[in-house]
Amino acid sequence: WCGEEVTTQCLRSLLDSDYPHLCTLLVDNGSPDGSGERLRSSFPEVEFLQTGQNLGYTGGNNRGIKRGLERNADYILILNNDTVLDPCAVSKLVETTKNPDGPVGGIAPKILYHDDPDRIWYAGGEFSPIKGLGLHWRNGELDQPDKAENTCKITFMTGACCLFSAEALRQMEGFDEDFFAYVEDADLSLRLAGAGYEMYYNPEARILHRCPLPGTLPSPFQIRQRDRNRRRVMRKHSSLSRRLPFLVRFYITRVMLFLRYTLTGDWERARAIVQGMC
């Protein structure tokens, strides 16, 4: 959505992939600046799907998932347009699906900050019931590429980049569109685990992600949307007794942040805190 420059770099990295069976689909979420059509012209070899309106992360990806399932894909790679992949990333992800321990729902790569590629954004993850969020393991730590890492099981896959089995996505019916954006990946991870699918992290598959560095304040939209969806994912997946510790922590920390933003005159973020609690 209106990300022409970063999407161009993402598509170029996909075209350089060493995976021989990769078919790329670009979904434009109704970009009002015409960037979707320009990208379509710049990359005629890439299949293009126009949604006609901003359906959010969930809706846009679901339209792409539907197209992939209609084409009888074996695997579907969900990828943010602000990422750049190593040439072997897709191959490494697909290799991991051969794990014999059980039905594989999805595989996640190691994700590094684009503007600080020696620093880790995501190295596997788990869902935290007390926070109502998926936690990124080793977030902010320096990468140690010479240190051996093994593929391991995880309970949370970030939506920035994850390879799903088509079978799992067909059973889950994609993302829950009520989330629109944020925490939808945690919801899907929980549903996959509940259906008996395994999820893995493969550190040999590496990508870069254009995202704010550690310490950057979230946008008002992020605050409002993420907080609403944290409460939504807990309602959906937890009993009242399990939600109570989350709710206590949630409202205490939200009040503290509201006071912090108010005292510093950051009215937009203070307003977003209130909206996220409602």
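These values consider heavy atoms only, across backbone and side chains, with no hydrogens, waters or symmetry-generated copies. Keep in mind that this is a model prediction, so the values were computed, not measured.
Between Cys278 and Val274, the closest heavy-atom pair is SG-O, 3.0 Å. Taking both residues in full, the closest heavy atoms of Ala205 and Pro109 are given as O-CB, 3.2 Å, listed atom of the first, atom of the second, then distance. Between Ile154 and Ala108 the shortest heavy-atom distance is CD1-CB, 4.1 Å. Minimum heavy-atom separation, Gly132 to Arg230: O-CG, 3.4 Å. The nearest pair of heavy atoms linking Val104 to Ser165 is O-OG, 3.3 Å. Here the closest heavy-atom approach between residue Arg206 and residue Ala89 is recorded as O-CB, 3.7 Å.
A donor-acceptor pair is defined here as one N or O able to donate and one able to accept, closer than 3.5 Å; such a pair exists between the side chain of Gln222 and the backbone of Ser219. In this structure, the side chain of His136 engages the main chain of Trp121 through a donor-acceptor pair within 3.5 Å. No side-chain donor-acceptor contact under 3.5 Å links Arg242 to the backbone of Pro129. Looking at Asn81, its side chain never comes within 3.5 Å of a backbone N or O of Thr7 through a donor-acceptor pair. Without hydrogens or angle criteria, Ser238 side chain to Arg235 main chain gives no donor-acceptor distance under 3.5 Å. Side-chain atoms of Asn202 come within 3.5 Å of backbone atoms of Lys92 as a donor-acceptor pair (strictly under, hydrogens ignored). Within the 3.5 Å criterion, the main-chain N or O of Ala272 finds no donor-acceptor partner in the side chain of Arg224. Asp143 places no side-chain N or O within donor-acceptor distance of the main-chain N or O of Arg119, the cut-off being under 3.5 Å. One N or O on the side chain of Asn54 and one on the backbone of Gly56 form a donor-acceptor pair closer than 3.5 Å. Looking only at distances, a side-chain donor or acceptor of Gln50 sits under 3.5 Å from a matching main-chain atom of Gly52.
Counting only heavy atoms from C-beta outward, the side chains of Arg226 and Leu133 approach each other to under 4.5 Å. Using a 4.5 Å heavy-atom cutoff, the side chains of Arg210 and Thr83 are not in contact. Counting heavy atoms from C-beta outward, Leu79 and Leu85 have side chains that approach closer than 4.5 Å. Contact of the Glu184 side chain with the Glu177 side chain is not registered, since no non-hydrogen atoms from C-beta on lie closer than 4.5 Å. Side-chain atoms of Ile111 and Thr158, non-hydrogen and from C-beta on, do get closer than 4.5 Å to each other. You'll find the side chain of Tyr261 stays beyond 4.5 Å of the side chain of Glu268, heavy atoms only. For the pair Leu192 and Leu190, the minimum side-chain heavy-atom distance is 4.5 Å or more. You'll find the side chain of Pro220 stays beyond 4.5 Å of the side chain of Arg271, heavy atoms only.
Within a 6.0 Å sphere centred on CD of Glu141, other residues, nucleotides and ligands contribute more than 12 heavy atoms. Applying the 6.0 Å contact sphere to CD of Glu173 captures no more than 12 heavy atoms from other residues, nucleotides or ligands. The environment of Glu70 atom CD is dense: over 12 non-hydrogen atoms of other residues, nucleotides or ligands sit within 6.0 angstrom. Annotation: Arg38, atom CZ; neighbour count of heavy atoms from other residues, nucleotides and ligands within 6.0 Å is above 12.
Side chains of Thr151 and Tyr201: no donor on one and acceptor on the other come within 3.5 Å. A side-chain N or O of Gln171 and one of Tyr197 form a donor-acceptor pair less than 3.5 Å apart. Of the N and O atoms on the side chains of Arg228 and Gln275, not one donor lies less than 3.5 Å from an acceptor on the other residue. No hydrogens or angles considered: a donor-acceptor pair under 3.5 Å links the side chains of Ser31 and Asp28. For the 3.5 Å distance criterion, the side chains of Asp33 and Ser35 qualify, holding a donor opposite an acceptor.
Residues Met172 and Leu55 fall into different hydrophobic clusters, defined by Ile, Leu, Val, Met, Phe, Trp and Tyr side chains chained together at heavy-atom separations under 4.5 Å. If you chain together hydrophobic residues whose side chains sit under 4.5 Å apart, Leu22 and Tyr75 fall into the same group. Ile273 and Trp267 fall into different hydrophobic clusters, where Ile, Leu, Val, Met, Phe, Trp and Tyr side chains are chained together by heavy-atom contacts under 4.5 Å. Residue Leu25 is not grouped with residue Leu11 when hydrophobic side chains (ILVMFWY) are merged at heavy-atom distances under 4.5 angstrom, including chains of intermediate members. Ile130 and Leu135 end up in different hydrophobic clusters when Ile, Leu, Val, Met, Phe, Trp and Tyr side chains are linked at under 4.5 Å.
How far SG of Cys162 is from CG of Asn80: 9.0 Å, rounded to the nearest 0.5 Å. Note that the CZ atom of Phe43 and the CZ atom of Arg12 stand 5.0 Å from one another [nearest 0.5 Å]. Interatomic distance, Phe164 CZ to Ile76 CD1, rounded to the nearest 0.5 Å: 9.5 Å. Atom CZ of residue Arg67 and atom SG of residue Cys23 lie 10.0 Å apart, to the nearest 0.5 angstrom. Between the SG atom of Cys161 and the CD1 atom of Ile107 there is a distance of 11.0 Å, given to the nearest 0.5 Å. Note: Asp16 CG to Cys88 SG = 12.5 Å, rounded to the nearest 0.5 Å.
Taking a cutoff of 4.0 Å between a charged side-chain nitrogen and a carboxylate oxygen, Asp176 and Lys236 qualify as a salt bridge. Comment: Glu47 engages Arg71 in a salt bridge, judged by a side-chain N to carboxylate O separation of less than 4.0 angstrom. Remark: Glu204 does not engage Lys110 in a salt bridge, criterion side-chain N to carboxylate O under 4.0 Å. A salt bridge links Asp187 with Arg191; the closest basic N to acidic carboxylate O contact falls under 4.0 Å. Ion pairing between a basic and an acidic side chain is recognised when a charged N comes within 4.0 Å of a carboxylate O; Arg170 and Glu167 show no such pairing.
Annotation: cation-pi geometry not satisfied between Arg254 and Phe258 (NZ/CZ under 6.0 angstrom from ring centroid, within 45° of ring axis). Stacking of Arg232 on the aromatic ring of Phe179 is recorded, both the 6.0 Å distance cut-off and the 45° axial limit being met.
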Subject >> Derivation of the side chain to side chain contact (heavy atoms under 4.5 Å, CB included) call for Phe156 and Tyr122 >> reply: CA-CA 11 Å; Phe156 165 69; Tyr122 172 92; 4.1 Å; yes
**OP:** Determine, step by step, whether Phe175 and Tyr57 satisfy the ring pair (Phe, Tyr, Trp, His ring centres under 6.0 Å) criterion, reporting the C-alpha distance in whole Å, the side-chain angles of both residues, the deciding distance to 0.1 Å, and the verdict.
**Re:** CA-CA 9 Å; Phe175 292 100; Tyr57 174 93; 5.3 Å; yes
**OP:** Decide yes or no on side chain to side chain contact (heavy atoms under 4.5 Å, CB included) for Val90 and Leu163, but give the supporting numbers first.
**Re:** CA-CA 8 Å; Val90 178; Leu163 181 79; 5.5 Å; no
**OP:** Please test Leu208 against Tyr113 for side chain to side chain contact (heavy atoms under 4.5 Å, CB included), starting from the C-alpha separation and ending with a verdict.
**Re:** CA-CA 6 Å; Leu208 301 177; Tyr113 286 93; over 6 Å; no
**OP:** Apply side chain to side chain contact (heavy atoms under 4.5 Å, CB included) to the pair Gln9 and Val6, showing each step before the final yes or no.
**Re:** CA-CA 5 Å; Gln9 295 181 42; Val6 297; 5.5 Å; no
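Screening Asn62, Leu188, Asn61 for a side-chain contact (heavy atoms from CB on, under 4.5 Å) with Leu169, the sole residue that qualifies is Leu188.
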